[in-house]
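Each remark here refers to the structure printed beneath this line.
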Amino acid sequence: MAKKQSKPTQVKLTPKELESLLKEITESNLGDIAKKVFEGLIDLNGWLTEQLEEGKLSINKLKRLFACISEPNNKKNRKAKANKTPSNNKGHGQNHSNGYTGAEEIQLKHEDINAGDNCPVEDCTGKLYKVKPGIVINIEGSPLASAKKYIIEKLRCALCGELFVAPTSPEVNTEKKYSESFCAMLMINKYFMAVPLYRQSTLQDMLGIPLSASTQWGIISSYEPLLEIVYQSLLKCAANGKGFYIDDTSAKILEVIKKRNLEDKKSSKCYTTGIISVHDDYRCAVFISDEDTAGKSFADIYKLRNKALIEPYLMMDALTANIPKEIEEGLYTLCYCLVHARRNFYDLGQGYDDLVDFVIDSITRLYDNDRSTKEMDANQRLTYHQEHSKPIMKSLKDHLEKYKNEFEPNSGASKAIDYMLNRWTELTQFLRYGETPIDNNEVERALKIPIRNRKNSMFYKTHRGARIAGYVQSLIYSAAQNDINPYNYIKAILSYSDDVRLNPDKWLPWNYHLSLDDLEPTKGCQEDSRLTA
């Protein structure tokens, strides 16, 4: 029976001593294989230590790394309250009839009786009056595109050769094959629902309405000049917001990759920047896909800002690329996201439970306070946070400074603490300014739109394709942010293109219904533009 091995002696080396040891091994008379083995063991030891400290390598993963039989990996969950948000009791999964704002309303009335008439019941002398009507919802399915084929009869005279064509009704459009309603839905499916054009083409073939990917792209791209006009107007409006959420995510543009390869440049990175601009009565959403990071893209938009306006707040994570270096620091209030600071603690491995629980509990209480300020104005919100949240943040800072001395400088816990303490001012701007948010979740949610497009469609072929995607996504999400039906909005823009080109500022999501009201009755939009009742 093999002798059980005792615990190995622990030898601690400083980085300088480790470097000296590696040099001695390299200069020794050991064989090449032996040198390679010893150097690999030293590198492995350093890597394992770093991974364990940062929580990236659990004991179970370590067992699998050395081909040991292990139990299933049951990672210890952090406290449920870290990700828990209070909610009302769940309903039965059905929607109220008021939620169907896009439904066609059909009034069904009595044919023989009206309010105020005598009751038709025999021997009753009462009068009829209106009560709350009953409502029945019927929902039908329909494909993305439905087509009507008009067979126009033609007759020709056998003697003189004159051709007689049957008259067509006004609904037959002999000049335009694809309606604005179809084009609007095509854009929403492609750029919001992230359904690739080839996939839509396959579906339409199965449904008997063939629609090739190239045809779909031709339809969308034909509206590029119109969409650009509205988009530029949206940018000017976004630049004048009282606050901004900004972030970016990776993107791939084949045209850029090809160009960089020809220039022998290693990096071909592209980004999709998301910007949410906050105004008193509405919000703008802007998406830009190009070679610039969020900071550079925002700086270009900021140049359009009215200089007479007060400095806005700028919410972001602490990534250096997000900071608009082209803008002087005194022209905005920089805020950092608390969620990103919390995540560094949440991702720590086992052994840091006291630290992690305290940080998560403190930030959870902070979010509870912020949730209580939703209906308050800026001054009330600031007063509330200073009274209820300031003591929480002071206690958190004191504990972080205390814990900092208990960990190695380069450990995962120490890095998480330094991240928070070094950015304390930016993380606590909500204690000094009433309108500044505490996290960057607004734009994080918005970026899910280009992210799911990236997952499904993989890349943009050209800069032009990336630009058009930005135009459509910006208009759709801006409409949704303001409780406007995106389908009705996009359809209205495409339908009244001449009016839009003349006054694009009057055709933004929050005011376009006023422009529709000014049109002639025959051109007015009959649909309800609002998402909510």
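Numbers here simply count residues along the sequence, with the first being 1.
Aromatic ring pairs are classed by plane angle as parallel below 30°, tilted from 30° to 60° and perpendicular above 60°; the pair Y477 and F287 is perpendicular.
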Test side chain to side chain contact (heavy atoms under 4.5 Å, CB included) on Y191 and I468 and set out the steps.
-> CA-CA 10 Å; Y191 294 112; I468 292 176; 4.0 Å; yes

In sequence, state the C-alpha distance, the side-chain angles, and the governing distance for D368 and R371, and then conclude on salt bridge (Lys or Arg N to Asp or Glu O under 4.0 Å).
-> CA-CA 5 Å; D368 290 338; R371 197 173 294 110; 2.9 Å; yes

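Residues N440 and D317 share a closest heavy-atom pair of ND2-N, 4.0 Å. In plain terms, the two heavy atoms of A145 and I209 that are nearest each other are O-CG1, 3.7 Å. Nearest heavy-atom pair, G470 versus Y231, reported as atom, atom and distance to 0.1 Å: O-CE1, 3.8 Å. Of all the heavy atoms in R342 and I360, the pair that sits closest is CG-CG1, 4.3 Å. Of all non-hydrogen atoms in P450 and A446, the two that sit nearest each other are CD-O, 3.5 Å. Among all heavy-atom pairs drawn from V443 and G274, the shortest one is CG2-O, 3.2 Å.
Under the side-chain contact (heavy atoms from CB on, under 4.5 Å) rule, Y489 has a single partner from L494, N482, I484, which is I484.
Of the charged side-chain nitrogens involved, at least one lies within less than 4.0 Å of a carboxylate oxygen, so that E291 and R260 count as a salt-bridged pair.
Although no hydrogens or angles enter the test, the distance criterion places no donor-acceptor pair under 3.5 Å between the side chain of T215 and the main chain of L211. Remark: the backbone N or O of K506 is not paired with any side-chain donor or acceptor of N503 at under 3.5 angstrom. For the pair N453 (side chain) and I449 (backbone), a donor-acceptor distance under 3.5 Å is present. Judged by distance alone, the side chain of E326 and the main-chain N or O of K296 form no donor-acceptor pair under 3.5 Å. Checked by atom type and distance alone, the side chain of R305 pairs as donor or acceptor with a backbone atom of G241 at under 3.5 Å. Of the possible donor and acceptor atoms, one in the side chain of T202 sits under 3.5 Å from a partner among the backbone N and O of Y198. A donor-acceptor distance shorter than 3.5 angstrom exists from the side chain of E255 to the backbone of H463, with no hydrogens or angles considered. Proximity of a side-chain donor or acceptor of S201 to a complementary backbone N or O of L197 within less than 3.5 Å is not detected. With R156 contributing its side chain and G161 its backbone, the two residues share a donor-acceptor pair below 3.5 Å. H279 contributes a side-chain N or O that, together with a main-chain N or O of C237, makes up a donor-acceptor pair within less than 3.5 Å.
A donor and an acceptor atom, one from each side chain of N511 and Y282, are nowhere located under 3.5 Å apart. Side chains of T333 and E311: a donor-acceptor N/O pair is present below 3.5 angstrom, by distance only. Between the side chains of R454 and T272, not a single donor N or O lies within less than 3.5 Å of an accepting N or O. Under 3.5 Å, the side chains of K190 and S457 contain a donor-acceptor pair of N or O atoms.
For T436, there are no side-chain hydrogen bond (donor to acceptor under 3.5 Å, both in side chains) partners at least two apart in sequence or on another chain. By the side-chain hydrogen bond (donor to acceptor under 3.5 Å, both in side chains) test, R464 is found to be paired with E224, residues two or more places apart in sequence or in another chain being considered. Taking the side-chain hydrogen bond (donor to acceptor under 3.5 Å, both in side chains) definition, one finds that S214 meets it with S212, sequence neighbours left out. Residues that satisfy the side-chain hydrogen bond (donor to acceptor under 3.5 Å, both in side chains) test with S474, not counting sequence neighbours, are absent from this structure.
Distance check, rounded to the nearest 0.5 Å: CD of E444 to CD1 of I276 gives 11.0 Å. Here the NZ-CG distance, from K242 to D280, works out to 4.0 Å after rounding to the nearest 0.5 Å. Separation of atoms CG (D290) and CG (D248) is listed at 10.0 Å; rounding is to 0.5 Å. Atom OG of S372 is separated from atom OH of Y384 by 4.0 Å, given to the nearest 0.5 angstrom. Between the CD1 atom of I493 and the CG atom of L475 there is a distance of 5.0 Å, given to the nearest 0.5 Å. A distance of 16.0 Å separates OH of Y336 from CG of D439, quoted to the nearest 0.5 Å.
Within 6.0 Å of OH in Y129 there are 12 or fewer heavy atoms belonging to other residues, nucleotides or ligands. Counting heavy-atom neighbours within 6.0 Å of M193 CE, excluding the residue itself, gives a total of 12 or less. Within a 6.0 Å sphere centred on CD of E263, heavy atoms belonging to other residues, nucleotides or ligands number more than 12.
A 4.5 Å side-chain heavy-atom check between L508 and L234 finds at least one atom pair inside the cut-off. Here the side chains of Q481 and E442 are in contact, with some heavy-atom distance below 4.5 Å. Counting only heavy atoms from C-beta outward, the side chains of T273 and D292 never approach each other to under 4.5 Å. At least one side-chain heavy atom of R501 sits under 4.5 Å from a side-chain heavy atom of L226. Using a 4.5 Å heavy-atom cutoff, the side chains of D247 and C337 are not in contact.
Residue pairs meeting the ring pair (Phe, Tyr, Trp, His ring centres under 6.0 Å) criterion with at least one member in residues 302-322, sequence neighbours excluded: F298-Y302.
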Which side-chain N or O atoms in residues 177-189 pair as donor and acceptor under 3.5 Å with protein atoms at least two apart or in another chain?
unit_1: S179; atom_1: OG; unit_2: S181; atom_2: OG; d: 2.9
unit_1: S179; atom_1: OG; unit_2: F182; atom_2: N; d: 3.3
unit_1: E180; atom_1: OE2; unit_2: K176; atom_2: NZ; d: 2.5

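In this structure, R381 fails the cation-pi test against Y433, since its NZ or CZ atom is not both closer than 6.0 Å to the six-membered ring centre and inside 45 degrees of the ring normal. Figure legend: cation-pi geometry between R423 and Y419, with NZ or CZ positioned under 6.0 Å from the six-membered ring centre and within 45° of its axis.
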